[in-house]
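Written out below as structure tokens is the structure these notes cover.
All heavy atoms count here, side chains included; hydrogens, waters and symmetry mates do not. From a predicted model like this one, the values you see are computed outputs, not experimental measurements. Protein chains get the first letters and strands the later ones, always in sequence-line order, with residue 1 at the start of each.
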Amino acid sequence: MDAPRAVRVVTEVAAVDRPFDYLVPEGLAKTGVGDRVRVDFNNRSVRGWVVSDAHVSENLKSLGKWLGYGPPASMMDILLWSSERWLAPLARFLVAASPRQLVTSLPTAPALRALEGDQWQRLSDQAPGVIQVSPNTDPLDLVLAAYRATRADGASLIVVTPTEAWSRRLRGRLEQRGCATAGADEWERARAGWPIVVGARGAAFAPVPRVAGAVIVDADDESLRSPAQPTWHALDVLEERCRRASAPWWATTMLPSPRLMAKGYRVDGDIRGGWPRVTVIDRRGGDPHDGLLAGEALSAAHRALSGDEAVAVVVLHHRLGRGRLLACAACHELYRCAVCGQAEQEVDDVVSCASEHERRRRFCRACGSTRVKLLRQGVSTVRRDLEAQLSQSVGEVTASTETLPSTRVVVGTEAVLQRVRRASVVIIDDFDQYLLAPRETARRQAVDVVGRAGRLVGSRRAGRGDVIVQTRRGDDLVVRSLVDASFDRLLDDEFETARALRLAPFGARATIRGAGAQSYAASLGDPLTVSGDEVHGFVVRARDVNQLVDAMRTVAKPPHVRVALD
DNA sequence: CGGACAAGCTGA
DNA sequence: CAGCTTGTCCGG
């Protein structure tokens, strides 16, 4: 008879972020690290994961039941690292690496086939790391090159893109070229070690037993960060997974954030040619009686409609509901904060920016007029205006749209850029909504949205690619950079701003909210600095993430206090 | 998290 | 002092 065995179990009760040991009964001898089990926990029957082996001691209860496979044993260290890195219970990350439904048997991964055909010879070697690419650079060649460079029996290349739809398309094209791929919805395949796993951010926790390498497409896209707590980022997870596996990773970006710049990056060929042609329509001088589309935007729309592209015109309207822009009704100058340049709002007759650098009465800094107009319309209003202006029926696409309209003119929020694949021209009806959004990342997101629009219209190299930007800030560096498709100045600027404001990579922040947040924040003390208030949350700053996390882990977090790492 | 149990509060 | 609420502790 075998010696008795015990295992350490973390339960689904995330609030109890601590393992407990159980005996492995003889019937469950096959139970491995990572597996899903049912255990009796404080007189409750709960599900959990075996996270390691344990010493046999007295008074241990036995595992109740083997439920199925979970993440492979080789992933336990990255899951533990993630829970420490994002100050969250381990169970959250065990869930991220586990199937939605229990899996009790695994397929066998296909054996690696020889790489046949010219395409594999043509692929030049691509050095790992951060690569600046143009919006119209096809990531397929990079993925193929990464696959060629890393493929090994029993190891998997993980590929992450910003959206499921993009992953599905990429995956289909990889399959066409003879690569065996697993999708995000095929947990069993990833767990069995399929050669390539493709998915959206969740694929960062693909349960592959061995990581051969990783490709992160559009690494600066917001959607690679989990929107809910814990706010883990696919790039951080994969970078660490690869580091631990001594495996290479590649990350592409249209515009390297300061964080990625600090890692060092190279530029992939002719970036400029892959950006769309950008035409700026400065509405400051415009006739206030102009419709939604002014001058060149209107003629470009008519030209596009006389062409044969199925979707001729996409009008991008900044997302609904939040933040209205104030403008002078006399001279059209925007109301902006003199300190930070962000858009000002008017609340109870007081005009100020979100950070309240200056609180003032309503008057135009340019002409002194006190008459204002609100520059903000919903998508439906925009649609009616467009129909009148273009004498065309216009469809609407928002995040909640289920089937795409069949009209040749489409207006939508940012969701439209993910849903419509091709168009002759994209018009951003009010670019200032992006430029002046009350976010530190507003300027780079403004560039980003033009890049994503450029994917619908194609590149200036191909003699296509018209993105038309209506703005009252024609002399802004962001706008000029887009027109020239030349971003070096902007990148330097962003890097220096990050340094000055101690944003990543020059600092790390966490926001603390909830009952007891103030005393908790205060108790953290050196070397962290605390600012903020009850309403907006207390902001804790540190030199870097490690310092921040180490300091926060030394003080027990009171219940009901929520911590968000920026 | 959720059960167990203790201490505190209330009203007849 | 029963009956209820609120708080604290703890799980293998």
Value in whole Å for how far the C1' atom of C:dG11 lies from CG of A:Asp21: 12 Å
Those residues that, when tested against A:Tyr520, pass ring pair (Phe, Tyr, Trp, His ring centres under 6.0 Å) (two or more places apart): none
Gap between atoms CG and C1', on A:Asp53 and C:dG12 respectively (whole Å): 16 Å
Face-to-face stacking of A:Tyr22 with C:dG12, centres under 5.5 angstrom, angle under 30°: no
Sugar-phosphate, base or nothing in reach of A:Arg8, heavy atoms under 4.0 Å: nothing
A:Cys179 side chain near A:Leu144 side chain, heavy-atom distance below 4.5 Å: yes
Contact summary for A:Ala190 and A:Pro209, nearest pair of heavy atoms: O-CD, 3.7 Å
For A:Ser74, side chain to side chain donor-acceptor pair (under 3.5 Å) partners two or more places apart: none
For atom CG of A:Asn42 and atom P of B:dC1, their distance in whole Å: 14 Å
Closest listed nucleotide, where the reference is the side chain of A:Arg18 and the choices are B:dC1, B:dG2, C:dG12: C:dG12
Interatomic distance where CG belongs to A:Asn59 and C1' belongs to C:dG11 [whole Å]: 13 Å
Euclidean distance, atom CZ of residue A:Arg92 to atom C1' of B:dC1 [Å, nearest integer]: 12 Å
Rounded distance in Å - CG (A:Leu60) to C1' (C:dG11): 13 Å
Rounded distance in Å - CG (A:Asp40) to C1' (B:dG2): 13 Å
A:Arg47 CZ to C:dG11 P, straight-line distance once rounded to whole Å: 24 Å
